[in-house]
Amino acid sequence: MANKGPSFGLSRQVQDKIDSKYDPELEQILVEWISRQCGSGVGRPESGKTGFQAWLKDGCVLSELINSLFAGEKPVKKIQSSSMAFKQMEQISQFLSAAEKYGVTKTDMFQTVDLWEGKDLAAVQRTLSALGSLAITKDEGTYNGDPNWFFKKAQENKRDFSDEQIKAGKNVIGLQMGSNKGASQEGMSYGRPRQIL
């Protein structure tokens with residue numbers, strides 16, 4: 001973390017809860033996928049959260065990854081490693097905008113500081129998982145990796161019904177509405193009738 005001391009109290013509890021969402025098994029899958037997708041030029045990180053963060057922190061590996069998923073024109077034009085913080089953050093921002101253009105939803109995206117300062121690496125994992133799932137779903141031939149690593153997103157399954165089928169469906173009582181069979185009070189008794197003297 002950048003120039004921040006240890007947190008205490010509620011801040012510490014919140015950070016511990018965020019840190020507990022990080023998945024070491026998913027880290028291994030993501031590292032393997034990124035290495036296959038980008039080639040040996042990106043290398044491999046040390047195992048663990050800090051190694052994973054240090055590997056992705058400058059944004060170059062992420063930019064290589066998103067460029068490898070585009071068949072035509074590459075979204076990140078200039079990929080250069082830099083030791084300056086604002087350059088690294090700018091590279092991460094370029095990855096995020098390219099990932100959004102690729103189809104990753106805003107809710108699946110991490111913030112630049114989540115990666116750069118190591119605040120929420122689980123969010124980084126979620127973004128990369130969503131990107132992998134999208135690459136499998138699109139099936140454009142650019143995905144290099146095991147298709148079982150990520151789930152395939154649901155596709156639209158449009159149905160066309162004829163007017164006759166729609167009319168027939170209106171006569172059916174859905175199970176959510178209950179049933180009209182057996183709904184009478186016949187034979188019900190509530191004990192002895194009231195005695196009027």
Side-chain angles (χ1 to χ4, degrees), residues 17-18 20-39 52 56 59 61-77 92-112 114-115 120-194:
K17 190 170 185 176
I18 290 170
S20 70
K21 293 179 182 178
Y22 185 82
D23 185 358
E25 291 175 17
L26 181 58
E27 174 197 318
Q28 292 173 347
I29 290 171
L30 291 171
V31 167
E32 186 63 35
W33 172 52
I34 292 170
S35 297
R36 282 193 196 179
Q37 189 72 35
C38 300
F52 188 67
L56 300 176
V61 173
L62 294 173
S63 298
E64 292 284 350
L65 175 65
I66 196 69
N67 277 351
S68 70
L69 293 174
F70 280 83
E73 189 177 336
K74 306 299 182 197
V76 181
K77 306 282 186 241
I92 295 169
S93 296
Q94 287 178 2
F95 162 77
L96 291 171
S97 61
E100 191 175 353
K101 191 194 302 186
Y102 190 70
V104 178
T105 58
K106 277 222 183 262
T107 54
D108 288 333
M109 300 288 240
F110 66 89
Q111 300 294 316
T112 304
D114 291 340
L115 172 60
D120 190 0
L121 292 175
V124 176
Q125 287 184 325
R126 280 193 305 274
T127 301
L128 293 173
S129 295
L131 186 63
S133 296
L134 203 57
I136 289 174
T137 305
K138 284 187 171 190
D139 197 23
E140 296 171 336
T142 55
Y143 176 80
N144 298 326
D146 188 344
N148 297 322
W149 285 341
F150 306 107
F151 61 90
K152 189 172 185 177
K153 294 193 177 209
Q155 299 291 304
E156 182 180 37
N157 187 4
K158 196 168 186 172
R159 294 172 175 89
D160 292 321
F161 294 108
S162 67
D163 291 336
E164 190 177 297
Q165 288 173 317
I166 292 172
K167 284 180 186 174
K170 289 180 180 176
N171 296 330
V172 175
I173 296 176
L175 292 176
Q176 287 181 323
M177 295 179 215
S179 170
N180 64 352
K181 294 182 174 74
S184 75
Q185 291 183 333
E186 183 181 335
M188 292 179 72
S189 63
Y190 291 100
R192 293 178 44 167
R194 192 169 142 194

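- At distances below 3.5 Å, at least one donor-acceptor pair connects side-chain atoms of T127 with backbone N or O atoms of F110.
- Closest approach of C38 to E64, counting heavy atoms only: SG-C, 3.7 Å.
- The closest side-chain heavy-atom distance from L65 to W33 is below 4.5 Å.
- Between L62 and L115 the shortest side-chain heavy-atom distance falls below 4.5 Å.
- With contacts defined as side-chain heavy-atom distances shorter than 4.5 Å, the pair L121/D114 does not qualify.
- Of all non-hydrogen atoms in L69 and A135, the two that sit nearest each other are CD2-CB, 3.8 Å.
- Pairing each heavy atom of M109 with each of L96, the nearest pair is CE-O, 2.8 Å.
- Annotation: the span from D108 atom CG to E100 atom CD amounts to 11.0 Å, rounded to 0.5 Å.
- Between atom CG of residue L56 and atom CD of residue Q125 there is a gap of 10.0 Å, rounded to the nearest 0.5 Å.
- Going from atom CZ of F95 over to atom CG of N67 covers 10.5 Å, rounded to the nearest 0.5 Å.
- Other residues, nucleotides and ligands contribute only 12 or fewer heavy atoms inside 6.0 Å of the CD atom of E25.
- From S97, atom OG reaches atom CD1 of I92 across 12.0 Å, with rounding to the nearest 0.5 Å.
- With a 4.5 Å cut-off on side-chain heavy atoms, I66 and L131 count as touching.
- Looking at every heavy atom in both residues, F161 comes nearest to Q165 through CA-OE1, 3.4 Å.
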